[in-house]
Every structure is written in structure tokens, then in C-alpha cells.
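Hydrogens, waters and symmetry mates play no part in the numbers below; they use all other heavy atoms, side chains included. These numbers were taken from a predicted model, which means no experiment stands behind them.
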Amino acid sequence: MSSKNTEKPWGGRFTAPTDKFVEQFTESVSYDQRLAHYDIMGSIAHVRMLGTVGVISAKESAQIIRGLKKIEKDIKREQFQWVTALEDVHMNIETALVAHIGDVGKKLHTGRSRNDQIATDIRLYCRDEIDLICDQINAVLDALLMLADGHIDTIMPGFTHLQSAQPVTFGHHLLAWAEMLLRDRSRLHDCRKRLNMLPLGSAALAGTSYPIDRNMVAKELGFDGITQNSLDSVSDRDFAIELTAAASLIMMHLSRFSEELVIWMSQASGFIDLGDAWCTGSSIMPQKKNPDIPELVRGKTGRVYGDLMALLTLMKAQPLAYNRDNQEDKESLFDAIDTVKMSLIAYAGLIPTIKVNQETMYRAAAEGFATATDLADYLVVNGLPFRDAHEVVGKTVQFAIQHDKDLPSLTLPELQQFSKAIKDDVYMVLELEGSVSARNHVGGTAPKQVKAAIKRLRKKLNK
Ligand code: ARG
């Protein structure tokens, strides 16, 4: 390791070695080395193009490519020495290249800048990460659909304001989460489309005077096209913000999911249990089995929101074009991606361990007057305006509370005190099964619909 500026790729115009603190303060290699694979990929495509258009000779191009491949191998085998004084992943690799193949390595950086280089690296990285996150979303969706399939007609109370509202099926409830995750996946697809454009060729900010072929580089790197303005290309981090925003929404969904699992596993609710292998205990209370995985996912949601805020704030006051501020994009972006991936892995593992206490769920649905709306609807069918029906049912519920009964256990004469429109066919609608089966339209909770929805979602999952 050396700190003499003459040994830094940009050292020429400097007369004093960089202050040690400045080296520490400005370095990014400690974290951007994870982009090495993409950096080398981009360099290989760049140098192949330089050889093709004749900016360097075909022989030189081939030599550089060989050198870069060797460096990539060294990095993979962890036989590469990262040097802080060389600042970032780009200068580390370039310096190693020159050390390895000699002066011809110095031609690699012809017609480009670290500014368009890093913009390219992060786009390539984000593209791969998006694909991985989508795979992980699919794994969670798969687990959700499997579980839902076993609970097409398991009845539970549906809630508003966390108060028992109307009965729903557990399968239907699970599919609500599946819908959220499908939207998350499509947001990632959108983001991928916009980011898959090559910024390389923009050089420092204004483009380059060499006769480069940007489309050739784009094609080799699997980009759908090339960016259209060099100033924008080196300074744009919209794609990182979009991806972190998409990650924030995924975390928000997983956090809501977590919240419900935690509530449902509490003794007060008792709706579900999570597998022992996916829970932890207490160091003082021997009886405890805690839902730490969902709690941690809920907690980690905050850091991803923080990453999003950091990125938005990072960009808000930057004049064109590249500023060193941009180096600060990486840790937030990496953290958001790492966190969302870990959380999805956690959920794909956790969901199959969910054990449902069907009886407890059923009892809770039966206790909460969850079919009161069904009774009101019954009265409407039998001629009452909805507002009057609402009033009648309100009184009926009050009576039931006073007599410590649920709706289906009220006798016909008891019910008829509130409306003569009530006949003995009322009990069908007061039963939980009748209530859920009646909501038989697309989007409704009827077991028939849940079954159809699982089929539809399976198809989408495999797309
Ligand atoms: N490490 C830098 C970053 O991450 C690379 C670009 C540096 N460019 C520069 N002119 N200093 O943004």
C-alpha cells in the first residue's frame, strides 16, 4: 500500500501526498468492491469496443480482456489485495491490471471516466438484484398459495379497526398478501425496464471525442438501449431511488404481515402458531416462545425507509453533473437490497411453518356478531330500507350482548321482537358458513372464489 500521489492514477497534477485522513474519508473501496464483477464486465465490453472501432489495436484489446479476466478470478478466490489508498473499485482494478499486463493496461481508461463507469456498474448490479428479489418474491408467493390452498374454507373473523367485522376465510386473507406482493413484483419489473439503459460513453460529463460505439457496448452488456444525455447519465440515480422505493413498499407489506402474525400468535388471539425452528425463547421466562422473525422484519422496515430518505436527500440539491456526493448512494442502496432480500428469505421459510388453530379462529368469528351485516342484508331483501335494517340489527345486537348470546343462538321470537320481516330462514344467513359463501363474486371471500383466485395467482406466479 502506498500513499504517494504519483502512484495514484490521478496523481499527476499533485505535489503533496494525500493526507491519511482524506484517504480514509474519501475511500469507497471498502464497500464498492462488491461491484467488482460488474466493473470488470463493463470494462471488458468497453475495451472490446475500443478494439473494434480501432481506438486501440485488436491485440491490445485482447490483452486487456485477458488481464481483466485474470483479475476477476483473483477477486473471486479472494486473492486480490484491495488498497484503500487507491480509493475505489475502479482504480484498484485498473492499477492491478497495469501491474499485471504492463503499460498496455493504461489504455483501458481511454474514452471513459469513473463517472460513467460507476453509473454503469450500479445499473448492472441493480438489474441482477431485481431479478433475485423477484425470484424471492415468487418463493414467498408460492408459500402463501400453498397455505391458502389448505384454508379455502377455514373461517376467521375479518377485522376493521381490529374489531371483529365480518367473517372471511383464512385463504382469502392470505391472498390479500399475495396481491400486495404481486404488485411489488410488477413495480420491480417497471424499475428494471427504465434502468436497463447504458450510460457508458458519457465519460466525465460531456461525452468523448473518440469514435466510440455505445450500442455495441450496450448489446454486449444486455442493455435494452443507451441513455440519451451525457450530463444526465453520469448524475442520474433515479433508478436507485426507484428500486429503494420498491424495496420500501415490499418491507411495508411484510411489516403489516408481521404485525398480524405477531398478534395472531399472542395468547390473547391464539389463531396461529409458528414452528419452533422459526421462533426464539426468553433468557428469563422459561415458558416463552417469541415471534422474533416477524418482529425483526417489522423493525428492519424502518432502515429501508431510512435508506430511501437518505437517497432522496442525497440527490435533492446536486447541480449537474457528477458530484462526489453520489458516492454516498451505495451503502443505502446495498443496505436496502440486502435487507429486503433477507426479509423475503425469512418469509419464504416462515410461512410453511404457520400452524392454524381453526377452532379458535372459528370461535372468534362466531363471538364477534360477525354476521350482523348479513342480517341487515336479509332484512333488505325482505323489504326494509338499508338504514332501517341497520337500526333493527343494532338493537338486536344490543339485546344479544345483554343476554350473553351470539346471533345464531337467538330464538325466532327473540329476533322477531325487532322485525316481523324475520322468518325461520334467517338462520342460514346468521351462520358463518352462509355468510362467507354468499360473498360469491370476484374479489369476494366465498370458498369458491378463493379457489379460483389461487388458480389465477398460480398462473401469474409462473409468468
Ligand atoms: N467512487 C466514485 C463513486 O462511487 C466513483 C466516481 C468517482 N469520480 C470522481 N470524479 N471522483 O461515485
Side-chain angles (χ1 to χ4, degrees), residues 1-2 4-14 28-29 32-33 35-77 79-83 85-125 197-223 225-227 230 233-234 322:
M1 182 180 315
S2 163
K4 274 206 226 105
N5 271 330
T6 48
E7 292 178 17
K8 290 194 201 301
W10 46 252
R13 64 97 61 221
F14 287 80
S28 56
V29 67
D32 68 13
Q33 55 180 266
L35 298 173
H37 167 67
Y38 302 106
D39 198 66
I40 290 173
M41 217 174 130
S43 289
I44 289 176
H46 175 68
V47 99
R48 203 189 308 282
M49 178 276 290
L50 291 181
T52 305
V53 300
V55 172
I56 63 174
S57 73
K59 193 174 156 217
E60 290 167 334
S61 167
Q63 263 179 295
I64 297 174
I65 291 172
R66 259 198 313 277
L68 286 167
K69 286 185 175 164
K70 158 86 168 85
I71 291 171
E72 165 119 69
K73 260 194 212 137
D74 289 348
I75 294 171
K76 276 207 180 114
R77 291 198 199 116
Q79 283 165 2
F80 188 88
Q81 178 97 44
W82 296 102
V83 178
L86 289 172
E87 223 176 284
D88 55 25
V89 62
H90 323 298
M91 297 206 302
N92 266 270
I93 291 173
E94 196 185 324
T95 306
L97 180 72
V98 176
H100 185 56
I101 65 170
D103 277 357
V104 60
K106 293 181 181 170
K107 296 198 172 187
L108 165 64
H109 211 51
T110 315
R112 75 170 186 188
S113 149
R114 282 184 291 156
N115 298 352
D116 58 346
Q117 197 180 345
I118 187 63
T120 305
D121 292 4
I122 326 174
R123 282 178 192 244
L124 287 169
Y125 160 79
M197 297 288 164
L198 174 81
L200 206 65
S202 305
L205 75 163
T208 172
S209 55
Y210 297 99
I212 56 170
D213 182 349
R214 297 185 63 205
N215 285 310
M216 176 185 166
V217 179
K219 208 165 161 213
E220 170 160 350
L221 294 175
F223 284 106
I226 59 176
T227 59
S230 62
S233 304
V234 292
Y322 177 86

Are Arg48 and Glu220 within salt-bridge range, i.e. N to O under 4.0 Å?
yes
Would you say Thr120 and Leu198 make side-chain contact, with heavy atoms under 4.5 Å?
yes
Working for side-chain contact (heavy atoms from CB on, under 4.5 Å), residues Met41 and Glu72
CA-CA 9 Å; Met41 217 174 130; Glu72 165 119 69; over 6 Å; no
d(Glu60 CD, Lys107 NZ) to nearest 0.5 Å is 3.5 Å
Hey, what do you get for OG1 (Thr52) to CE (Met216), rounding to the nearest 0.5 Å?
3.5 Å
Going by heavy atoms in the side chains, are Arg123 and Pro199 under 4.5 Å from each other?
yes
List the steps, then state whether side-chain contact (heavy atoms from CB on, under 4.5 Å) holds for Leu108 with Ser43.
CA-CA 7 Å; Leu108 165 64; Ser43 289; 3.8 Å; yes
Quick one: closest heavy-atom pair of Gly225 and Ala218, and the distance?
O-CB, 3.9 Å
Could you walk me through whether Arg112 and Ser202 satisfy the side chain to side chain donor-acceptor pair (under 3.5 Å) test, starting with their C-alpha distance in whole Å, then the side-chain angles of each, then the deciding distance to 0.1 Å, before giving a yes or no?
CA-CA 7 Å; Arg112 75 170 186 188; Ser202 305; over 6 Å; no
Would you sort out whether Leu97 and Lys70 count as a side-chain contact (heavy atoms from CB on, under 4.5 Å), showing the intermediate values?
CA-CA 9 Å; Leu97 180 72; Lys70 158 86 168 85; over 6 Å; no
My understanding is that only residues two or more places apart in sequence, or in another chain, count here; which of them pass salt bridge (charged side-chain N to carboxylate O under 4.0 Å, His left out) with Asp88?
Arg114
Closest heavy-atom contact between Thr227 and Ser233?
OG1-OG, 2.7 Å
Would you say that Val53 contacts Tyr210 through its side chain, given a criterion of any heavy-atom pair below 4.5 Å between the two side chains?
no
Could you check if a side-chain atom of His46 sits within less than 4.5 angstrom of a side-chain atom of Leu200, using non-hydrogen atoms only?
yes
If you define the side chain from C-beta out and look only at heavy atoms, does anything of Asp116 sit under 4.5 Å from Tyr322?
no
Under 4.5 Å between any side-chain heavy atoms of Leu35 and Leu124, yes or no?
no
Taking atom CD of Gln79 as the centre, does the number of heavy atoms from other residues, nucleotides or ligands within less than 6.0 Å exceed 12?
yes
Under the salt bridge (charged side-chain N to carboxylate O under 4.0 Å, His left out) rule, collect the residues that match up with Lys73, sequence neighbours excluded.
none
Please step through side chain to side chain donor-acceptor pair (under 3.5 Å) for the pair Asn92 and Gln33, ending with a clear verdict.
CA-CA 9 Å; Asn92 266 270; Gln33 55 180 266; over 6 Å; no
Looking at every non-hydrogen atom in both residues, tell me the closest pair between Ser61 and Gly51 and how far apart they are.
CB-CA, 3.8 Å
In Å, rounded to the nearest 0.5 Å, how long is the span from CG of Asp39 to CG of Asp121?
4.0 Å
Look up atom NE2 in His109 and atom CD1 in Ile64, then write down how far apart they are to the nearest 0.5 Å.
12.5 Å
Between OH on residue Tyr38 and CD1 on residue Ile118, distance to nearest 0.5 Å:
12.5 Å
Between the CD1 atom in Ile226 and the CZ atom in Arg214, the distance rounded to the nearest 0.5 Å is 4.5 Å
State, with a plain yes or no, whether a side-chain heavy atom of Pro9 is found less than 4.5 Å away from one of Glu87.
no
Arg77 side chain near Ile75 side chain, heavy-atom distance below 4.5 Å
no
Between Gln63 and Ile101, the two heavy atoms sitting closest are O-CD1, 3.9 Å
